[in-house]
K.L.:
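Questions regarding the structure given below will be posed in turn.
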Amino acid sequence: MTISEAPEVLEEICYTFIIQTGSNIPSKTKTQKWSDGTMILNINPGSDNQSPPIKVKECFPMETEGAVTVDFWLPATVGVPKLLKVDLESNKLEIIKDALFVRQITVTYNRHPYRFPIKNYVYPHNPMRGNPTVAEMGCPPHFLVREGAGTLKHLETEEFIINAREEDLETIQSMVDWYHPKKARPGFLLPGFFGTMNYSKLPRFLQFREAQMEAFEELRKPVREEVRNNVVHNMKDKLLGTYKEEWFPSFEHYAEFVKETAAGMGWAKETVFETMKLAKIFRSDEEFGRQMLVSPNGLQIRKVTSLDKRWADRTVPEYALEGKSVQEVIEEGHLFEILNDDLLGVPHGGSRSKELTGTKQTWYVVLADCLFYQTSEGKIVPVLIRLENRNDREPATFWAPPSPEITDLEHPKHLSWLYAKMWFRCADANVQTFSKHFARAHATNEMFAVAIYRNLPNAHPMFRLLQPHIQGIIPINVQARNVLINPGKNVVSMYLSGGDGLAVVLTNYYKRFTYQNLVLPDEIKSRGVEDIPDYLFRDDILFYWEVIGNYTRKMVDLAYPSEEDVAKDSELQNVFKDVVDFGLRGFEDGAGFPKVISGKEKLIEYLTAIIINISVFHSAVNFQTFTSYAFTPNAPTYLSSPPPKQDQQITKEEILKSLPVKEVSFITMAVCLVLGSYSPIERLYLGSPSENKLGIFGENMAVAPEQEAFIHELVEDMRRLKRKIDARNVGRYLKYDVMSPVNTPITTQI
């Protein structure tokens, strides 16, 4: 053989693989390593220059986050790593093996890092059966991951990358599907949701809530035992003939009950601190009005431009309007209202009252509306309340604050006014729980999550933007449908008067729900409340709209070179189509949601609305319920006496006997505490190391340098908001920091 005939020696180059694995729920006690098999990697699989299989047999971190680094010499022809296939091959004969959570793999080539974000579980396949092609044990058969910032399908030019992208999406679609009811419920409106009612049947990448579930059970166990003890105690006393209903003899006794219960249950003192302060001033009209601007139901109030016919039978006394007429106040733009029409047609509750209290009670569902006046000092105060017991065909009654000359708070006029305010707050609490919390902050968001998972592959830049925000909503909703809001025996019917009519409340809400409700600047403007002073719910959530909107704009501009690219993005357009066709099936005109988006501005608005609703809005309506509802007289969850007749003289004893009894007050506190507790795995917009709170950075799938720079800029904006909220709370009797970035999770996990 001559030298010229010698076989060509292929040039090789070193590739370094940094494989990051381990649960995204770090264990407190375990350091288990995964050793059930071999990881097999392929660079640019399906291309003419694909790498040979790279077999990595290491002990990968499993219970805690960690990384394995390995070097391999590969043919130089493999070139730049654009696509990575990740597979696991079992070396054990056991039927059940452990899946491995892979966070990210970084490949260094020619001294340049190429990052492949994954955040998913893969299950080791049996090599005797060949490579699987379908999901197994809730895991994809393998990962096919695009490098870097992600790409748009129509801008890809290489067939092997397009094929991998389509395969990846088909796999996820086989694992994530809409619920298809066997029998329709005529007239019932609810957005589409994930197609299982069983948490264990979720894809493995959605079953990451074990740590939250353990913490939830730790809180719920003593609560459940206390409820059971109360039920058994009542049954025993009934049998012995010694049963006596336990009414609280005063409002102060309710406050003492909150304090004693928190101490007895081992709840943190700071949990009840704000509640105890509120209990001292809850009767004040200014405090009543303040809560309408900062409460968990803070997006209800709207300006009155002309009085609705419901107010036609009664006018507001001029002394309540600082000597002005109603028309003058309307012309000044200082008259507002809150209507609770979501309770129309909802029957009285109390189906579980005997089980809980030993006595069958009626928990009255009353339509309650309120007019508010903005005083010359800029305070919002209630000036007229309308109550209508439509279930019992009673005429509407109207209640106004007593004249300034009556200063004795025990005067019947003051007590009647206080009682009317309680009926309004009862209606408000029910609407907040069902309409704003479950419907808007949970059911609506699950619809988005299902549509996104089904139509955006891992490679899509908008999936990498949205994934950290949508990851928690499906698993928590699956659990909620089984426990909290099951149409049968649900938790909410144990303490809320509207719990027995849950389906009616949800349908009422969704009949009026539209896309524009989620576009907060427009929604706030449509209610005419841009100028109400000290409207902190509005101010904080609009700050988020601005900074998250800017963040989303940067991500969209990076991903879409032109306006036309938005229209050409078939995967993205399928998200919008799925939302309308499956998520909003049965809604008139798709609730105004766009089925096609052809430009960047509308896309930025749509994505900003999703992120805000799934993170910030949910925080605002969820994490301050204990403060609002734990002291029962502030916002009763039910009232068990019929609403008063017009001008009926009310005594304090009548009020106290209508308020929730001890057993139900405890349930209200406990549920609010459990649902308002942060998850141990919570990621917030701004971390707080001193409080062991993790921030958004590190949880993202947007890993390109430009994208990470945008996230850093977002974090700086969040620091600015925190400083603003901290400064604003100085000197306030009751702080308002529920939307501080250190208190606002990036996804919904409770």
Side-chain angles (χ1 to χ4, degrees), residues 169 172-173 175-179 189-196 202-203 205-206 435-458 460-478 480-481 506 509-510 513-520 523 541 544-545 548-549 551-552 555-556 566 569 571-587 590-597 602-622 701 745-749:
L169 187 57
I172 297 299
Q173 286 177 341
M175 302 167 69
V176 177
D177 196 8
W178 296 99
Y179 175 72
L189 275 183
L190 189 69
F193 50 89
F194 191 90
T196 185
L202 286 170
F205 66 86
L206 292 176
S435 300
K436 297 303 189 297
H437 188 182
F438 175 69
R440 176 163 173 174
H442 278 267
T444 302
N445 290 330
E446 182 177 3
M447 168 188 75
F448 292 131
V450 174
I452 290 164
Y453 276 121
R454 283 187 54 77
N455 292 287
L456 297 185
N458 173 293
H460 200 289
M462 294 302 101
F463 178 80
R464 296 186 178 183
L465 166 69
L466 295 169
Q467 190 275 340
H469 301 287
I470 65 172
Q471 64 178 338
I473 189 64
I474 292 175
I476 184 56
N477 278 15
V478 169
R481 281 193 289 275
L506 297 178
Y509 172 75
Y510 278 118
F513 172 73
T514 70
Y515 170 75
Q516 289 305 128
N517 294 146
L518 303 181
V519 183
L520 289 171
E523 193 275 342
I541 209 163
Y544 275 99
W545 184 274
I548 290 178
Y551 166 65
T552 304
M555 291 291 196
V556 167
V566 175
D569 185 353
E571 293 167 334
L572 183 73
Q573 297 300 328
N574 284 339
V575 172
F576 311 136
K577 186 174 185 299
D578 235 25
V579 164
V580 174
D581 289 350
F582 293 98
L584 296 166
R585 179 181 290 172
F587 285 66
F593 277 70
K595 205 169 182 178
V596 174
I597 290 180
K602 192 68 174 180
L603 174 60
I604 293 164
E605 176 188 272
Y606 194 102
L607 299 181
T608 301
I610 292 176
I611 296 172
I612 293 286
N613 203 58
I614 210 166
S615 58
V616 185
F617 182 80
H618 175 265
S619 292
V621 302
N622 180 68
M701 290 189 71
I746 64 173
T747 187
T748 301
Q749 299 201 67

K.L.:
Which residue pairs pass the salt bridge (charged side-chain N to carboxylate O under 4.0 Å, His left out) test with at least one member in residues 467-478, sequence neighbours excluded?
P.N.:
none
K.L.:
Would you check if Y606 and P594 make a side-chain contact, meaning some heavy-atom pair closer than 4.5 Å?
P.N.:
yes
K.L.:
Once rounded to the nearest 0.5 Å, what's the spacing between atom CZ of F448 and atom CD1 of I614?
P.N.:
8.5 Å
K.L.:
With rounding to the nearest 0.5 angstrom, report the CD to CZ distance, Q471 to F205.
P.N.:
10.5 Å
K.L.:
Report yes if the side chains of Y551 and M555 come closer than 4.5 Å at any heavy-atom pair, otherwise no.
P.N.:
yes
K.L.:
Are L206 and Y453 close enough that some pair of their side-chain heavy atoms sits under 4.5 Å apart?
P.N.:
yes
K.L.:
Any heavy-atom pair between the side chains of L572 and L603 that's under 4.5 Å?
P.N.:
yes
K.L.:
Got L506 and L189 here, is their nearest side-chain heavy-atom distance under 4.5 Å?
P.N.:
no
K.L.:
Would Y510 and T444 satisfy side chain to side chain donor-acceptor pair (under 3.5 Å), going step by step from the backbone distance to the final call?
P.N.:
CA-CA 10 Å; Y510 278 118; T444 302; 2.9 Å; yes
K.L.:
Is the backbone N or O of A441 less than 3.5 Å from a side-chain atom of N445, with the two atoms forming a donor-acceptor pair by type?
P.N.:
yes
K.L.:
Could you check whether any side-chain heavy atom of I541 comes within less than 4.5 Å of a side-chain heavy atom of W545, counting everything from C-beta outward?
P.N.:
no
K.L.:
Which one of Q749, H442, K436 satisfies the side chain to side chain donor-acceptor pair (under 3.5 Å) criterion with H618?
P.N.:
H442
K.L.:
Could you report the tightest heavy-atom contact between A449 and I473, atom names first, then the distance?
P.N.:
CB-CG2, 3.5 Å
K.L.:
Kindly indicate, with the supporting measurements, whether the criterion side chain to side chain donor-acceptor pair (under 3.5 Å) is fulfilled by D569 and H460.
P.N.:
CA-CA 10 Å; D569 185 353; H460 200 289; 2.6 Å; yes
K.L.:
Would you check if the side chain of T747 reaches a backbone N or O of G472 as a donor-acceptor pair within less than 3.5 Å?
P.N.:
yes
K.L.:
To check you understand the geometry: which heavy-atom pair defines the closest contact between A451 and V579, and what is its length?
P.N.:
CB-CG2, 3.7 Å
K.L.:
Before you tell me yes or no, could you show the steps for F193 and V478 under side-chain contact (heavy atoms from CB on, under 4.5 Å), namely the whole-Å CA-CA distance, both residues' side-chain angles and the distance that decides it to 0.1 Å?
P.N.:
CA-CA 9 Å; F193 50 89; V478 169; over 6 Å; no
K.L.:
Drop me the distance from I470's CD1 to L465's CG, to the nearest 0.5 angstrom.
P.N.:
10.0 Å
K.L.:
I'd like to check Q173 versus N455 (side-chain heavy atoms, cut-off strictly below 4.5 Å). Are they in contact?
P.N.:
yes
K.L.:
Would you mind listing every salt bridge (charged side-chain N to carboxylate O under 4.0 Å, His left out) that reaches into residues 442-453, with sequence neighbours excluded?
P.N.:
E446-R481
K.L.:
In Å, rounded to the nearest 0.5 Å, how long is the span from NZ of K595 to CG of N574?
P.N.:
11.0 Å
K.L.:
Does the side-chain contact (heavy atoms from CB on, under 4.5 Å) test come out yes or no for N458 and M701, once each step is laid out?
P.N.:
CA-CA 9 Å; N458 173 293; M701 290 189 71; 3.4 Å; yes
K.L.:
Closer than 3.5 angstrom, by distance alone: can the side chain of N517 be matched with the main-chain N or O of T514 as a donor-acceptor pair?
P.N.:
yes
K.L.:
Evaluate side-chain contact (heavy atoms from CB on, under 4.5 Å) for Q467 paired with L456, printing each intermediate quantity in order.
P.N.:
CA-CA 10 Å; Q467 190 275 340; L456 297 185; over 6 Å; no
K.L.:
Is NZ or CZ of R440 both nearer than 6.0 Å to the six-membered ring centre of F617 and within 45° of the ring axis?
P.N.:
yes
K.L.:
Is any side-chain heavy atom of Q516 closer than 4.5 Å to one of E523?
P.N.:
no
K.L.:
Check for me whether the distance between the ring centres of F593 and F587 falls short of 6.0 Å.
P.N.:
no
K.L.:
Kindly compute the distance separating NZ (K577) from CD1 (I597), expressed to the nearest 0.5 Å.
P.N.:
15.0 Å
K.L.:
Once ring pair (Phe, Tyr, Trp, His ring centres under 6.0 Å) is applied, do any residues pair with F194, and if so which ones, sequence neighbours excluded?
P.N.:
none
K.L.:
To the nearest 0.5 Å, how far apart are CH2 in W178 and CZ in F582?
P.N.:
8.5 Å
K.L.:
Of the non-hydrogen atoms in L190 and A443, which two are nearest, and what is the gap between them?
P.N.:
CD1-CB, 4.1 Å
K.L.:
Between R454 (side chain) and V176 (backbone), is there a donor-acceptor pair under 3.5 Å?
P.N.:
yes
